[in-house]
Amino acid sequence: MDVRAQVSMVFHLDKCIGCHTCSIACKNIWTDRKGAEYMWWNNVETKPGTGYPTKWEDQDIYKGGWQKKNGELKLRGAGKMRGLVNIFHNPHLPVIDDYYEPFTYKYLDLIESPAMNDQPTARPVSLITGKPIDIKMGPNWDDDLGGTPDYARNDPNLQGLTAAEQEAMFQLERMAFFYLPRICNHCLNPACVASCPSGAIYKRGEDGVVLINQDVCRAWRMCVTACPYKKSYFNWGTGKSEKCILCYPRLESGQAPACMHSCVGRIRYLGVMLYDADKIESTVAGSKNDQDLAQRQRDMLLDPFDPEVIQAAKENGVADSTLKAAQDSPVFKFVKLWGLALPLHAEFGTLPMLFYVPPLLPVMASLSEVDNDEHAKNMDPVAKHWNDNWLYDTSTEELWATIDKARLPLKYLANMFSCGDESKVKDVLKKLMAVRIYRRWKTVGDIDETKAMAVLNDVDLAPETIEDIYYLTSLAKFDDRFVIPAAHREQAIEMLEFTGDAKGSAGFGVTEKPRRGW
Amino acid sequence: MMAVLDNFLFVGLPYASLLIFLVGTIYRYKATKFNYSSLSSQFLEGGNLYWGSVPFHWGILFLFFGHLIAFVIPHSVLAFNSEPLRLLILEIVAFIFGLITLFGLIMLLARRISNPRLKPVTNWMDITIEGLLITEVILGILVAYTARWGSSWFAAVLTPYLYSIFLLQPDIAAVSAMPLLVKLHIIGAYLIFLLIPFSRLVHLLVVPLHYIWRPYQRVLWNWSRRKVRNPATDWTITKPENN
Ligand code: SF4
Ligand code: SF4
């Protein structure tokens with residue numbers, strides 16, 4: 001057993017309000033530079049939708065991630081042979097138009113325009129060429145367009161849904177969407193690392209953050225292809241790839257990453273996960289059908305309270321403070337203890353360490369046909385009168401009826417979070433529902449105790465667990481949501497002294513300006 | 001007068017380029033490692049690049065190694081060429097590769113010039129190098145056409161000259177007698193060599209062949225995590241064991 005620590009994350013999708021504050025926080029700190037304008041290390045997508053870059057989930061197009069060939073793991077679009085042969089021209093490299101051409105507006109024209117009969121306009125200009133452009137795409141171009149033909153209907157996750165199911169999904173009355181914030185998953189089996197011919201990308205042993213050494217990157221651009229989440233970006237200005245660094249300078253000083261710190265919906269959790277590094281390959285390679293990958297990944301994560309694990313971790317040099325952080329980790333609770341959070345597209349085989357609590361809301365609110373005139377009679381006269389005859393039914397009359405009659409087909413969610421296995425997503429949604437029913441019994445009181453208890457029984461959760469879930473979901477304070485292990489600055493002298501040996505020349509003390517070469 | 005010029009071009013220039021090349025590339029690698037990059041522009045324009053980059057790179061690789069082989073093992077090359085048919089085939093293949101390279105270079109230049117997106121990632125050194133390479137390849141093709149059987153006379157005549165340069169006993173009698181085209185081709189080669197440290201050509205020094213032998217995953221530690229707990233070890237001398 002080779003126990004290692006990984007700083008990992010949980011995003012609770014029911015709580016995301018799609019405000020993009022996270023993206024802005026990240027952009028302002030890290031990617032507000034020439035060549036990086038188009039990059040969103042943190043982006044928030046509307047689902048169903050095509051995402052960023054367009055249709056990134058469709059690996060028939062982008063060739064990212066791992067695949068199994070004769071029981072062996074191979075990179076789909078990169079790798080030793082393919083990477084070196086395709087080094088002069090990478091046939092699977094997305095180009096800037098797959099993201100969008102960055103632009104700005106000539107705001108000064110508004111101010112400096114002479115007096116005219118017409119209003120002056122601020123024309124958009126490309127940030128690459130500096131010339132006026134017709135904007136065809138921009139950041140969050142499909143934001144909130146959850147039902148539109150161009151975006152939602154081209155969502156790669158619709159695979160496996162019958163035409164009728166898809167049709168039903170996009171009926172105006174049933175239409176539902178949710179937000180999917182994405183950052184680099186800091187994977188355990190990162191395809192980006194494996195694909196880099198220069199060996200510029202590495203995973204930090206101490207906390208598992210995946211970084212690109214800017215001094216060693218030579219623009220071979222294989223990582224852009226290999227990362228199935230398209231979270232390694234090519235800086236066209238400097239000729240180097242860049243990616244989310246999980247705000248490691250903030251982490252090392254005990255602060256939450258900027259996107260997480262600023263998250264308005266407080267959907268984000270960060271904590272340590274212990275895992276068995278010996279099992280990385282067998283976990284992915286040994287999966288029979290890709291459907292079990294989410295479960296297999298959960299199995300390779302270790303219980304930080306298990307004495308054997310603690311023992312092995314100590315032998316491996318995992319610090320006591322890190323172990324403590326692992327025990328307090330909200331991620332451990334969501335992922336392992338409660339089984340509420342699932343990895344995004346585990347079938348890509350990179351063992352992503354960012355987990356999602358799938359959204360219950362778009363599933364739950366089902367519609368029933370009622371006579372709204374009748375309905376209005378019971379209402380206060382000032383209440384809005386609806387002309388149509390639909391009623392959103394968010395009551396919890398039957399136990400699981402709303403999940404079974406879900407507005408957003410479970411298959412769709414399963415394609416994203418459990419490699420197509422609907423039962424797994426359903427399992428999670430039932431638990432989330434159970435928490436609601438239980439809390440509703442407690443606080444609102446319109447559900448009787450027998451029903452609340454029946455629900456708990458059904459999902460096999462104790463009332464205390466339910467309270468814990470409720471607390472961490474709804475009430476958790478900053479320090480509950482972010483349990484950041486100490487970076488051990490007391491050992492910083494050694495770190496500083498030998499950073500050069502350990503990592504080429506990146507890290508501390510880099511004095512060279514990141515200027516494009518010639 | 002001619003002799004002075006020849007001495008300058010075939011003795012002074014090669015030593016100067018060699019020195020500048022060595023000092024320049026090493027200095028640049030040590031001091032400004034960040035800008036050691038192939039500066040790929042595929043991300044801004046991915047389609048036409050294929051028709052330029054691929055033929056150019058494979059072509060120039062073939063030509064480079066062809067010259068290198070004739071330099072390293074001239075006798076084997078001469079022996080190989082002693083059979084006229086083999087010589088003919090070698091020359092034809094090499095000539096075709098020359099044309100492929102030229103085609104690639106022209107496509108690359110056309111792409112650079114015609115696509116406005118590439119302007120912000122193009123500088124005068126890129127154009128200089130591009131021009132030099134095109135000139136050099138055209139010269140090479142002309143030499144191959146006008147002064148046939150270069151694979152043999154290069155090995156027989158120019159290899160000794162190059163050896164004399166490397167052995168620090170320059171003997172330029174043979175080159176001085178060469179036709180003008182050949183002379184120009186040699187000078188072009190020295191100039192390209194000289195400009196390597198000042199251009200994006202440095203990327204050819206960092207071809208990532210070590211990728212073949214490396215394990216796919218790379219995990220780096222700030223310190224040896226197994227030794228960090230043991231106060232008895234003098235771990236300032238402990239290099240981390242990676243992976
Ligand atoms: S999400 Fe992509 S860039 Fe991030 S570690 Fe995984 S493979 Fe690498
Ligand atoms: S800041 Fe939080 S709530 Fe807002 S979009 Fe980002 S993840 Fe969602």
Side-chain angles (χ1 to χ4, degrees), chain A residues 80 83-84 87-91 93-96 128-131 189-190 193-194 196-199 201-206 214-221 224 234 236-240 277 280 314-318 491 494-495 497-499 501-505 512-518, chain B residues 28 30-47 49-50 52-54 56-58 116-117 119-121 123-126 198-200 202-203 206-212 214-229 235-236 238-240 242:
Chain A
K80 292 187 180 177
L84 290 178
I87 206 159
F88 307 133
H89 179 272
N90 176 359
L93 184 76
V95 291
I96 185 104
I128 299 178
T129 60
K131 305 233 167 61
N189 188 31
V193 175
C196 177
S198 302
I201 314 184
Y202 61 94
K203 193 171 178 64
R204 295 214 300 193
E206 288 80 6
Q214 294 287 298
D215 276 1
V216 182
C217 171
R218 312 264 184 247
W220 306 130
R221 57 213 182 278
V224 183
F234 187 72
W236 56 266
T238 58
K240 305 271 168 171
I280 292 177
K314 288 191 176 205
E315 274 164 22
N316 233 359
V318 177
Q491 286 149 357
E494 284 84 351
M495 280 171 68
E497 258 182 19
F498 282 99
T499 303
D501 283 345
K503 293 178 180 169
S505 55
E512 190 195 347
K513 285 218 177 99
R515 257 200 314 255
R516 181 184 172 82
W518 63 86
Chain B
R28 189 169 164 188
K30 290 275 175 205
T32 58
K33 215 174 166 192
F34 180 83
N35 65 38
Y36 248 73
S37 165
S38 62
L39 298 180
S40 163
S41 57
Q42 190 185 349
F43 185 68
L44 294 177
E45 198 288 319
L49 179 73
Y50 178 83
S53 178
V54 174
F56 163 67
H57 277 99
W58 289 114
R117 277 191 189 165
K119 209 168 150 220
V121 292
N123 62 23
W124 60 268
M125 186 48 98
D126 296 339
F198 307 103
S199 69
R200 62 170 66 198
V202 283
H203 76 272
V206 286
V207 177
L209 288 178
H210 55 282
Y211 185 34
I212 300 172
R214 162 197 124 196
Y216 266 132
Q217 294 300 353
R218 259 166 71 80
V219 179
L220 300 191
W221 303 83
N222 281 320
W223 56 78
S224 174
R225 62 207 166 99
R226 281 170 216 265
K227 293 200 174 135
V228 74
R229 295 183 152 264
W235 53 287
T236 47
T238 305
K239 296 250 176 105
N242 290 322

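Each chain gets a letter, A, B and so on, in the order its sequence line appears, and its residues count up from 1.
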If I take atom [atom1] from residue [X] and atom [atom2] from residue [Y], how far apart are they, to the nearest 0.5 angstrom?
X: B:Lys33; Y: A:Gln214; atom1: NZ; atom2: CD; value: 12.5 Å
X: B:Ser37; Y: A:Asp215; atom1: OG; atom2: CG; value: 11.5 Å
X: B:Ser41; Y: A:Phe234; atom1: OG; atom2: CZ; value: 8.0 Å
X: B:Arg117; Y: A:Lys131; atom1: CZ; atom2: NZ; value: 12.0 Å

Which bit of [X] comes within less than 4.5 Å of chain B, counting heavy atoms only: side chain, backbone, both or neither?
X: A:Leu84; value: side chain
X: A:Pro190; value: both
X: A:Ile201; value: backbone

Pair B:Leu44-A:Ile128, side-chain contact (heavy atoms from CB on, under 4.5 Å): steps then yes or no: CA-CA 9 Å; B:Leu44 294 177; A:Ile128 299 178; 3.7 Å; yes

Main chain of [Y], side chain of [X]: is a donor-acceptor contact present, judged purely on distance under 3.5 Å?
X: A:Ser198; Y: B:Pro208; result: no
X: A:Lys240; Y: B:Leu39; result: no
X: B:Arg218; Y: A:Gly199; result: yes
X: B:Gln42; Y: A:Asn90; result: yes
X: A:Thr129; Y: B:Pro116; result: no
X: A:Lys80; Y: B:Arg214; result: yes

Check the pair A:Tyr202, B:Gln217 against side-chain contact (heavy atoms from CB on, under 4.5 Å), reporting the backbone distance first and the verdict last. CA-CA 8 Å; A:Tyr202 61 94; B:Gln217 294 300 353; over 6 Å; no

So B:Tyr50 and A:His89, would you call those rings parallel, tilted or perpendicular, with 30° and 60° as cut-offs?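 B:Tyr50 vs A:His89 ring planes: perpendicular.
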
Could you walk me through whether B:Val121 and A:Trp236 pass the side-chain contact (heavy atoms from CB on, under 4.5 Å) check? CA-CA 8 Å; B:Val121 292; A:Trp236 56 266; 3.7 Å; yes

B:Val219 vs A:Arg204 side-chain heavy atoms within contact, under 4.5 Å: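 No, too far: nothing below the 4.5 Å cut-off.
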
With a 4.5 Å limit on heavy-atom distance, are the side chains of B:Phe34 and A:Thr238 in contact?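 When only atoms from C-beta onward are counted, A:Thr238 and B:Phe34 do touch, with a gap below 4.5 Å.
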
Check each atom of B:Phe56 against the heavy atoms of chain A and say whether the ones under 4.5 Å are side chain, backbone, both or neither.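 Neither the backbone nor the side chain of B:Phe56 comes within 4.5 Å of chain A.
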
Is B:His203 in contact with chain A via its backbone, its side chain, both, or neither, using a 4.5 Å heavy-atom distance?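 Both backbone and side chain.
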
Can you list the steps and then say if B:Phe43 with A:Arg221 is a side-chain contact (heavy atoms from CB on, under 4.5 Å)? CA-CA 9 Å; B:Phe43 185 68; A:Arg221 57 213 182 278; over 6 Å; no

